[in-house]
Amino acid sequence: MEYQHTKIEKKWRALWDEKKVYRTTEDEGRPKYYVLSMFPYPSGAGLHVGHPLGYIAADIYARYKRLQGYNVLQPMGYDAYGLPAEQYAIQTGQHPALTTEQNISRYREQLDLIGFSFDWEREVRTCDPGYYKWTQWAFQKMFNSFYCYSCQKAQPIEKLVHRFETKGTEGLNIAQSEELSFTAEDWKTMSEVEQQQVLMNYRIAYLGETMVNWCAELGTVLANDEVVDGVSVRGGYPVVQKKMKQWCLRISAYAQRLLEGLDTIDWSESIKETQRNWIGRSEGAEMQFRVKGEDFEFTIFTTRADTIFGVTFMVLAPESELVERLTAPEQKAAVETYIEETKRRTELDRMAGKKVSGVFTGKYAINPFTGEEIPIWVSDYVLAGYGTGAIMAVPAHDSRDYAFARHFGLPIVPLVEGCDVSQESFDAKEGIVTNSPQAGKTALHGFSLNGLSIKDAIQKTKDFIAEHDIGRVKVNYRLRDAIFSRQRYWGEPFPVYYKDGMPQMIPQECLPLLLPEVSKFLPTATGEPPLGNATRWAWSVKEKCVVDNVLIDHKDVFPLELSTMPGFAGSSAYYLRYMDPRNNKALVDEKVDKYWQAVDLYVGGSEHATGHLIYSRFWNKFLFDCGVSCVEEPFQRLVNQGMIQGRSNFVYRIKGTNKFVSHGLKDDYDVTPIHVDINIVHADVLDLEAFRAWRPEYADAEFVLEDGKYVCGWAIEKMSKSMFNVANPDKIVEKYGADTLRLYEMFLGPITQSKPWDQNGIDGCYRFLRRAWNLFFDKQGQLAVTDDAPSKESLKTLHKLIKKVTEDMEEMSYNTSVAAFMIAVGEWAQQKCRNREVLEKFVVLLTPFAPYVCCELWQLLGHDDIVFDAQWPTFDEAYLKEDSVTLPVSFNGKTRFTIEVGADAANDEVEKMVLAHEQTARYLDGKTILKIIVVPKRIVNIVLK
RNA sequence: GCCCAGAUGGUGGAAUGGUAGACACGAAGGACUUAAAAUCCUUUGGCCAGUAAUGGCUGUGCGGGUUCGAGUCCCGCUCCGGGCACCA
């Protein structure tokens with residue numbers, strides 16, 4: 001029988017489906033394992049070969065775990081909300097739900113071909129009301145919570161209300177937008193709206209007026225991770241800073257836990273580092289500076305408290321509220337002009353220009369240690385959003401302060417022994433501190449840092465600051481709260497209405513609040529988000545929401561929130577929903593959650609490092625605090641698959657003609673390279689007929705060939721439709737089969753690495769499968785498996801293979817496993833091994849990689865059950881042992897002769913043998929042995945004096 | 001500027017401190033074939049010597065070091081990729 005992949009794969013696809021082999025249920029009797037691939041956004045272009053890379057790797061692992069006896073959960077779904085479908089809707093009027101639905105069907109078709117062991121009964125779609133009900137639910141829970149720093153967790157807002165009623169803000173240690181201070185009495189006299197406004201300052205999901213990234217082209221605000229280099233990630237449109245009232249998530253409250261959690265999870269160092277950078281923890285101190293001649297103090301943040309004696313000026317951010325307060329009348333005009341100027345410069349200019357600019361406020365601060373007067377300046381190199389928006393400038397030890405001091409001729413005072421600040425600042429945090437003022441000249445208690453290392457000096461200063469009430473030790477984070485509103489249509493609607501201008505949560509029993517139909521997907525005439533176009537908009541599947549005897553669906557009395565949630569909302573807890581996707585009563589049943597716990601292996605792209613992977617961790621920690629998720633970190637192990645790039649092919653048209661010249665001869669002509677569809681090129685050789693048929697303008701193309709062939713040029717580029725280099729998995733499955741595609745994608749190289757797709761290598765994997773198949777059949781095509789005792793060699797080959805593949809599994813170095821399979825099959829072919837025992841185990845080993853052909857072979861071997869229920873074989877070292885080993889013996893590194901010893905010979909045995917060897921005596925003539933090094937089974941080295 | 005990860009044949013890539021280049025592609029040669037495809041076999045890091053079997057030298061970005069022995073460990077560079085960035 002010949003290996004017919006099409007027939008086999010068709011047969012088993014139907015059988016798997018019929019027998020529901022991938023259905024997973026909770027089973028207390030078996031250990032669980034949760035494998036998850038990041039769910040895709042179903043784009044119109046369909047899957048290319050890059051997409052399944054991670055899925056295949058995850059699937060292999062899932063199948064391996066199952067063969068090892070684990071109860072494996074491996075679901076799949078769709079991240080269905082997103083901008084492309086909406087942009088498409090704006091252009092064509094096609095409802096995004098429809099486009100999304102079509103794209104999903106296409107994705108499903110493609111995914112089904114490749115033979116994944118997904119339990120499709122657990123499929124989720126973020127745009128499905130049964131799903132986003134729980135996204136809305138989680139949002140409401142965040143609205144109704146605050147973050148307590150003392151107990152390090154989220155708490156219900158009622159607790160805070162109670163606290164305000166009894167103690168006001170006294171001794172409060174919780175996450176907040178700004179520091180408020182009031183007594184219990186104050187609280188009680190506040191109106192309800194005032195109380196709501198106060199609570200907004202503490203809620204984890206809160207409505208805040210903040211600087212946001214506004215993208216005019218997309219008509220929406222964007223989160224920090226959606227903006228790179230001043231333009232939107234999607235579309236590359238310019239983004240400006242704008243103050244707007246928006247829903248935000250107080251993710252900054254979780255900064256420390258997000259940081260600490262990284263040490264408990266098995267993720268690549270680079271992605272952890274990316275998250276650490278993004279969180280940006282910096283330990284320092286806040287210090288108060290008094291303003292000269294006034295009873296007014298302002299606070300600065302510094303990580304270099306030790307440099308207090310080198311402060312020669314202060315700088316305020318232009319946007320800082322302090323600027324107005326700290327501008328002397330005579331400088332008012334100059335400061336205002338400067339601030340106007342900075343406003344006009346966009347974020348991008350500020351980054352690109354890096355021109356030193358600033359203006360003096362006319363006022364002076366008092367150095368709390370020395371009493372010195374320090375001029376206060378305003379400059380845009382200080383950011384309003386970080387720290388306190390004000391700094392103490394130490395030009396000797398900070399390059400930005402240095403540039404500023406040089407530009408404006410301000411003094412520079414070095415504080416580190418032996419440093420040279422004549423050309424540049426000394427930013428290093430190493431060295432011995434000097435130049436503290438002489439005792440007596442110092443304003444405070446003869447405080448001196450001289451002779452200390454910088455590290456010790458920082459600590460000493462911090463201690464001093466705290467003791468003398470000059471300031472306090474403070475940790476700052478770069479991580480900002482996530483802006484949670486988008487002025488778009490295709491997203492989860494907020495379950496929020498407004499009463500007296502204050503947001504109210506739609507009653508939980510009315511969830512989900514469905515996304516309304518709109519007449520058009522653009523903003524309304526009055527500039528409201530697209531949801532403003534809806535006429536009937538607050539409707540619920542269950543019942544109408546009535547408040548104060550008025551239907552909430554009443555625009556004028558209870559306006560609804562018109563923004564929708566961002567893309568990351570739906571993807572933040574989907575792994576929990578997979579555990580219990582049809583549950584109507586809870587996001588996930590407690591018992592079910594206890595069983596599946598968290599994702600054991602998560603596979604996806606590293607581009608989500610500062611987006612989804614942070615939001616999801618935050619979201620899960622919040623749910624953990626609420627007792628919904630039972631594990632604090634949602635993804636225990638993360639593997640980032642690399643990107644697959646495209647390998648484009650080119651033809652070379654001679655300018656002004658319809659004549660194409662082969663790659664090797666192109667230098668003899670004046671040519672234009674043109675991208676050519678890689679599907680009509682095989683092994684870089686162009687199919688001339690297919691090319692003529694490809695496009696009408698090439699119908700009568702002429703060719704200049706080399707060796708009778710047209711050879712195309714090539715280049716590695718991003719895989720994209722416009723470069724005609726998209727390798728389509730369907731086509732490969734058709735030609736070679738899904739098993740070959742799976743093997744080849746893994747064989748390409750380590751999965752974590754980015755690499756170009758090279759169609760040319762795929763034959764090798766196809767050949768391997770055919771050879772493997774042929775092990776089971778004789779020349780006449782009859783099944784030729786025998787029950788004879790296996791030969792020693794074939795067992796050795798087998799156990800070598802089991803060992804290698806099992807070891808590779810944990811590391812997911814599947815490329816070397818595939819190589820091991822190839823070697824084993826080669827060896828068995830040579831050994832003429834047809835032994836059932838050996839070949840059966842081989843089939844089990846190969847199953848995760850090539851499930852179709854293995855099912856077929858397993859059946860041909862006479863099994864009634866499916867190979868997925870087989871047992872992963874274990875290896876026996878005994879078969880791998882050699883009887884004897886040949887060891888090269890070298891003198892001072894040069895090989896002289898070899899000896900043969902037993903495989904498990906001890907070192908001293910080998911040594912004795914070497915010494916007894918007659919050639920040893922000859923070499924040693926007149927020399928002394930310094931040392932004999934025996935490397936077991938490898939080499940013997942004798943060092944001579 | 002700071003942080004992280006990497007650099008091995010024509011190509012993708014293998015190598016618990018122990019025979020570098022597994023495996024695959026590509027290339028060259030051969031077998032079968034009218035021919036082609038398919039399949040199979042041989043060779044394939046570089047240089048040198050030899051008719052040949054073979055032997056020698058050299059070789060993992062560059063320069064040092066540790067070691068009997070380094071692609072692997074340490075120090076210093078160069079280059080490429082990724083992250084952060086007037087974050088005080």
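Predicted, not measured: the structure shown is a model, and the values here were computed from it. Sequence lines set the chain letters: A, B, ... in the order given, protein chains first and strands last, and positions in each chain run from 1.
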Does the [X] side chain pair with the main chain of [Y], one donor and one acceptor, at a distance under 3.5 Å?
| X | Y | result |
| --- | --- | --- |
| A:R742 | A:F849 | yes |
| A:D808 | A:Y814 | no |
| A:T752 | A:G642 | no |
| A:S320 | A:L322 | yes |
| A:R478 | A:R281 | no |
| A:H5 | A:Y766 | no |

Take A:F776 and A:W828 through the test ring pair (Phe, Tyr, Trp, His ring centres under 6.0 Å) and record every step on the way to the result. CA-CA 11 Å; A:F776 294 77; A:W828 283 321; 9.1 Å; no
List the steps, then state whether salt bridge (charged side-chain N to carboxylate O under 4.0 Å, His left out) holds for A:K800 with A:E827. CA-CA 11 Å; A:K800 236 170 34 190; A:E827 284 179 9; 3.3 Å; yes
What's A:R281 touching, base or sugar-phosphate or nothing? Going by heavy atoms closer than 4.0 Å. nothing
Within the structure shown, what part of the strands sits under 4.0 Å from A:R276 by heavy-atom distance: base, sugar-phosphate, or nothing? nothing
Whole angstroms only, please: what is the [atom1]-[atom2] distance between [X] and [N]?
| X | N | atom1 | atom2 | value |
| --- | --- | --- | --- | --- |
| A:Y3 | B:A38 | OH | P | 18 Å |
| A:E269 | B:A5 | CD | P | 6 Å |
| A:I454 | B:A88 | CD1 | C1' | 15 Å |
| A:Y766 | B:A37 | OH | P | 17 Å |
| A:L769 | B:C23 | CG | P | 18 Å |
| A:L262 | B:C3 | CG | P | 19 Å |
| A:L383 | B:A88 | CG | P | 10 Å |
| A:E286 | B:A88 | CD | P | 13 Å |

Identify which nucleotide among [options] has an atom closest to any side-chain atom of [X], counting heavy atoms from C-beta outward.
| X | options | answer |
| --- | --- | --- |
| A:T610 | B:C84, B:A88, B:C40 | B:C84 |
| A:S270 | B:C4, B:C86, B:C23 | B:C4 |
| A:A819 | B:A22, B:C84, B:C25 | B:A22 |
| A:R767 | B:U39, B:C84, B:A88 | B:U39 |

With A:K462, which residues qualify under salt bridge (charged side-chain N to carboxylate O under 4.0 Å, His left out), at least two apart? none
For nucleotides 12-18 of chain B, 5' to 3', base contacts (B), sugar-phosphate-only contacts (S) and non-contacts (-) with protein non-hydrogen atoms under 4.0 Å give BSSS--B
With a cut-off of less than 4.0 Å, is there a side-chain N or O of A:Y381 near OP1 or OP2 of B:A88? no
With sequence neighbours excluded, residues passing side chain to side chain contact (heavy atoms under 4.5 Å, CB included) with A:R767: A:D763, A:R770, A:R771
With rounding to the closest Å, how many angstrom separate the [atom1] atoms on [N] and [M]?
| N | M | atom1 | result |
| --- | --- | --- | --- |
| B:A88 | B:G13 | P | 37 Å |
| B:U72 | B:U19 | C1' | 16 Å |
| B:U66 | B:G17 | C1' | 12 Å |
| B:A5 | B:G61 | C1' | 16 Å |
| B:A31 | B:U60 | P | 39 Å |
| B:C57 | B:C4 | C1' | 40 Å |
| B:C84 | B:C79 | P | 23 Å |
| B:G21 | B:U44 | P | 12 Å |

Quick one: sort the A:H397 and A:F426 rings into parallel, tilted or perpendicular, breaks at 30° and 60°. perpendicular
For A:R771 and A:Q275, take the nucleotide of RNA chain B holding the closest heavy atom to each; which residue's nucleotide lies nearer the 5' end? A:R771
RNA chain B: A:R770 or A:Y744, which has the more 5' nearest nucleotide? A:Y744
Evaluate salt bridge (charged side-chain N to carboxylate O under 4.0 Å, His left out) for A:D263 paired with A:R276, printing each intermediate quantity in order. CA-CA 11 Å; A:D263 296 332; A:R276 284 188 195 112; 3.5 Å; yes
What do you reckon, are the aromatic ring centroids of A:F313 and A:F404 less than 6.0 Å apart? yes
Secondary structure of RNA chain B per the Watson-Crick/G-U criterion (both distances under 3.5 Å; [ ] crossing, | other strand, . unpaired) is ((((.((..(((.....[....)))((((((.......))))))(((((....)))))..(((((..]....))))))).))))....
How should the glycosidic conformation of B:G6 be described, syn or anti, under the criterion that syn lies within 90° of 0? anti
Restricting both atoms to N or O, compile the protein contacts to nucleotides 74-82 of chain B shorter than 3.5 Å, with distance only.
none

Which residues share a ring pair (Phe, Tyr, Trp, His ring centres under 6.0 Å) with A:W773, sequence neighbours left out: A:Y3, A:F777
